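In what follows, a structure is listed as structure tokens, so that the remarks can point back to it.
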Amino acid sequence: MPEPLLRVEDVVKRFGGIIAVNHMSMEVYENEILGLIGPNGAGKTTLFNCITGVYKPEEGRIIFQNEDITGLPPHVIIQKGIARTWQKVRPFKKLTVLEAVTVGALLRTPDVDEARETAKEILEFIGIEKSRWNRLGSEITLIEHKLVDLARALATRPKLILLDEVAAGLRPHEMDELAKVLLKVREEYKLTLIVVEHVMRFVMGLSERIVVMHEGKKIAEGRPEEVANNPRVVEAYLGTKPL
Ligand SMILES: Nc1ncnc2c1ncn2[C@@H]1O[C@H](COP(=O)(O)OP(=O)(O)OP(=O)(O)O)[C@@H](O)[C@H]1O
Ligand SMILES: [Mg+2]
């Protein structure tokens with residue numbers, strides 16, 4: 001096995017008496033699409049927040065490209081090459097599509113013209129029509145929002161993107177379109193993706209490997225078909241006590 005791109009080592013994150021992430025460990029390898037699944041409240045978003053510097057874990061380490069990045073602030077982590085999209089759509093009502101993506105690119109260069117060119121290239125590549133580039137965030141559809149969120153993440157020139165419920169709320173044909181775009185950007189930009197998702201058809205179809213969280217811990221990992229048939233995983237989703 002090659003060295004992992006990202007290593008989560010024994011991470012613990014508490015909120016008061018709740019242990020949201022409870023000694024969680026996992027590895028993510030370069031260029032793979034890893035699905036991270038688990039019932040509501042399993043700790044998936046909190047783990048993303050620990051990786052991206054929103055929270056500092058109380059215990060454990062996050063290692064990215066062999067560097068310990070635990071507890072670094074979010075803007076430093078973005079500059080190291082980790083980008084994300086958010087579970088809740090965070091509308092940029094007063095910016096246009098092009099401006100919103102340009103802001104992402106400005107995290108990597110102080111040159112506005114260069115940032116705008118990067119934004120245009122990315123919007124074109126992911127297939128948002130030019131006629132939509134000057135629309136305000138308040139005027140675009142949900143699938144466009146999801147694609148613009150992805151474009152904003154790409155504009156920071158990441159090596160790794162964490163996608164938090166990117167398919168939620170989309171119609172089946174829109175999910176298929178999004179899956180195609182994700183495969184295309186992975187190839188073009190030599191990316192690694194971690195996909196947190198409840199829509200099983202989407203995440204199982206897209207991911208090469210799946211990690212399952214429950215109550216802050218990893219309870220299973222493997223190929224999608226292995227995980228789907230794992231009794232511990234089935235139990236966790238049915239809400240009964242895991243084996
Ligand atoms: N800021 C916070 N303050 C207090 N408790 C929190 C906070 N964020 C998350 N939690 C709690 O931590 C646990 C894990 O939540 P988290 O949002 O990480 O789960 P999740 O796997 O992303 O769930 P979902 O699939 O519903 O998005 C839950 O019990 C949640 O209520
Ligand atoms: Mg979540």
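Fair warning: this is a prediction, and the values are worked out from it, not measured in the lab. Order of listing sets the numbers, starting from 1, for every ligand and every atom in it.
- Distance check for atom 18 (O) of ligand 1: a protein heavy atom is found below 4.0 Å.
- Summarising the geometry of N134 relative to T96, their closest heavy-atom pair is O-CG2, 3.5 Å, with the distance given to 0.1 Å.
- Under the salt bridge (charged side-chain N to carboxylate O under 4.0 Å, His left out) criterion, E187 pairs with no residue at all, not counting sequence neighbours.
- Only the side chain of Y55 comes within 4.0 Å of ligand 1, counting heavy atoms alone; its backbone N, CA, C and O stay farther away.
- Residue, atom and distance of the protein heavy atom nearest to atom 23 (O) of ligand 1 are G41 N, 2.8 Å.
- Counting protein heavy atoms under 4.0 angstrom from atom 2 (C) of ligand 1 gives one or more.
- More than 12 heavy-atom neighbours from other residues, nucleotides or ligands sit within 6.0 angstrom of NZ on K184.
- Protein-derived N/O/S atoms nearer than 2.8 Å to the Mg ion (ligand 2) total 2, waters excluded.
- Close approach of ligand 1 to T46 is summarised as follows: ligand atoms under 4.0 Å from at least one heavy atom of the residue are 9 (C), 14 (C), 15 (O), 16 (P), 18 (O).
- Below 4.0 Å from some heavy atom of A20 lie the following atoms of ligand 1, by number and element: 12 (O), 13 (C), 14 (C).
- Only the side chain of Q87 comes within 4.0 Å of ligand 1, judged by heavy-atom distances.
- The shortest N or O to N or O distance between G38 and ligand 1 is not below 3.5 Å.
- The closest approach between a heavy atom of H198 and any atom of ligand 1 is below 4.0 Å.
- The two residues V11 and C50 have their closest heavy-atom pair at CG1-SG, 4.3 Å.
- Counting non-hydrogen atoms of neighbouring residues, nucleotides and ligands closer than 6.0 angstrom, the CD atom of E129 reaches no more than 12 such neighbours.
- The single protein non-hydrogen atom nearest to atom 29 (O) of ligand 1 is I18 CG2, 4.0 Å, given as residue, atom name and distance.
- Atom 9 (C) of ligand 1 has its closest protein heavy atom at F15 CE1, 3.5 Å.
- Contact between G43 and ligand 1 is present, with at least one heavy atom of the residue lying under 4.0 Å from the ligand.
- A side chain to side chain contact (heavy atoms under 4.5 Å, CB included) with T156 is found for one member of I78, I82, L106, V103 and no other, namely I78.
- Both the sub-6.0 Å distance and the 45° axial angle are satisfied by K13 relative to the ring of F15.
- When only non-hydrogen protein atoms are considered, atom 26 (O) of ligand 1 lies nearest to N40 ND2, 2.8 Å.
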Practice problem: In sequence, state the C-alpha distance, the side-chain angles, and the governing distance for F48 and I194, and then conclude on side chain to side chain contact (heavy atoms under 4.5 Å, CB included). | Solution: CA-CA 9 Å; F48 271 12; I194 310 180; 3.8 Å; yes

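- Among all heavy-atom pairs drawn from A153 and R84, the shortest one is CB-O, 4.0 Å.
- T70 and D68 form a side-chain donor-acceptor contact under 3.5 Å, judged by distance and modelled atom types alone.
- Nearest heavy-atom pair, A168 versus K146, reported as atom, atom and distance to 0.1 Å: O-NZ, 3.1 Å.
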